[in-house]
*Asks:* 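Provided herewith is a single structure, encoded as structure tokens, for subsequent inquiry.
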Amino acid sequence: MRKTDLNKEPSRRDMLDVAIRPLTRSCSTYARGGVHYKGDYKDRSFDIYCREVRPARGSVAGKGGEQIEIIMDSRLATRLAVALLDNRLRKIWTRIYGQLEPVAAAQANGLMAWAAASKWSRALFKNDRLVQGLKQLLTSGDDAGARSLSLMPDAGMLVLRHVPISQVTTENVKTLLLALHDWLEGVEEVTPRPQRLDATSMERNLRGSRSLFHTLSGALLLLLFLGGAAAAVLAYIMYR
């Protein structure tokens, strides 16, 4: 058995494992220091991907931290991407989302959104409970960082960027899992039901080993492979 230095500061991986392993059934590594956890919450399986990020470009405070992506099963097969309203990011997302429709109703709630199913998305943003659930997912916590939420065929994905490692606790992660689970349950009841779409190969690979993500540049991935919510999520990750 390997001896442990009790006086040594815990590593980043140790801190992540203490926080997330109790909620999951397996973990593995990917890319440069990335950690992938798999688990089940109530009736849905989920994946959590964690990687360390450098401070955002133009950041005065030099804020880095963890990027955490929580991907959970969904019974919908549509595309939607939502974030807090940000005019700089909106220009980037608009260029990427030429094939989807902006959801005008989102702006009245301080959000920006693009969707594949216009009638369904309008109904979603008329539902106060679901809109408040979105805001909770995008803003809750002592240090919310930069966040986005998306739907892709058969999954919902919450991305949290620049999360201080001290805020990655079992309680906080469990709170996010509960909020995402409950929001997905609610959004799946919105009518009219959206037309079922097929996942792209990149969307399917979001829940795999992610080896492809590190053999091609992010820009090339966006141009050649991505469609739907995955494109906007990765654009948000790269340009934030």
*Asks:* Please confirm whether the backbone N or O of A123 pairs with a side-chain atom of N127, one donor and one acceptor, at under 3.5 Å?
*Replies:* no
*Asks:* Less than 3.5 Å apart, any donor N or O on the side chain of T175 or N172 sitting next to an acceptor on the other?
*Replies:* no
*Asks:* For residues C27 and R21, determine if any side-chain heavy atom of one lies less than 4.5 Å from a side-chain heavy atom of the other.
*Replies:* yes
*Asks:* May I ask you to decide whether D182 forms a salt bridge with R129, counting only side-chain N to carboxylate O separations under 4.0 Å?
*Replies:* no
*Asks:* Can you name the one residue among R44, R204, R196 that meets salt bridge (Lys or Arg N to Asp or Glu O under 4.0 Å) with D154?
*Replies:* R196
*Asks:* Between W114 and V103, is the side chain to side chain contact (heavy atoms under 4.5 Å, CB included) condition met? List the steps.
*Replies:* CA-CA 6 Å; W114 284 259; V103 184; 5.8 Å; no
*Asks:* I'd like to know if the side chain of Q195 pairs up with that of T78 as donor and acceptor (distance under 3.5 Å, no hydrogens or angles considered).
*Replies:* no
*Asks:* Flag yes if more than 12 heavy atoms outside D40 fall under 6.0 Å of its CG atom; otherwise flag no.
*Replies:* yes
*Asks:* I'd like to know whether CG of D43 has more than 12 heavy-atom contacts from other residues, nucleotides or ligands below 6.0 angstrom.
*Replies:* yes
*Asks:* Begin with the C-alpha distance, continue with both residues' side-chain angles, and end with the deciding distance and a verdict on side chain to side chain contact (heavy atoms under 4.5 Å, CB included) for L184 and L76.
*Replies:* CA-CA 9 Å; L184 288 172; L76 291 176; over 6 Å; no
*Asks:* Between the main-chain N or O of A81 and the side-chain N or O of S150, is there a donor-acceptor pair closer than 3.5 Å?
*Replies:* no
*Asks:* How long is the span from the CD atom in E203 to the CG atom in N205, to the nearest 0.5 Å?
*Replies:* 10.5 Å
*Asks:* Can you find a pair of side-chain heavy atoms, one from V159 and one from L149, that are under 4.5 Å apart?
*Replies:* no
*Asks:* Is there a side chain to side chain contact (heavy atoms under 4.5 Å, CB included) between R147 and L137? Walk through the geometry before answering.
*Replies:* CA-CA 8 Å; R147 300 187 182 185; L137 284 164; 5.5 Å; no
*Asks:* Ion pair present between R161 and E66, side-chain N to carboxylate O less than 4.0 angstrom?
*Replies:* no
*Asks:* Would you please test R207 and D73 for salt bridge (Lys or Arg N to Asp or Glu O under 4.0 Å) and show each step?
*Replies:* CA-CA 10 Å; R207 300 187 78 170; D73 288 350; 2.7 Å; yes
*Asks:* Could you walk me through whether Y37 and Y49 pass the side chain to side chain contact (heavy atoms under 4.5 Å, CB included) test, one step at a time?
*Replies:* CA-CA 6 Å; Y37 301 90; Y49 294 87; over 6 Å; no
*Asks:* Can you tell me which residue among I70, L176, I71, L16 is in a side chain to side chain contact (heavy atoms under 4.5 Å, CB included) with I48?
*Replies:* I70
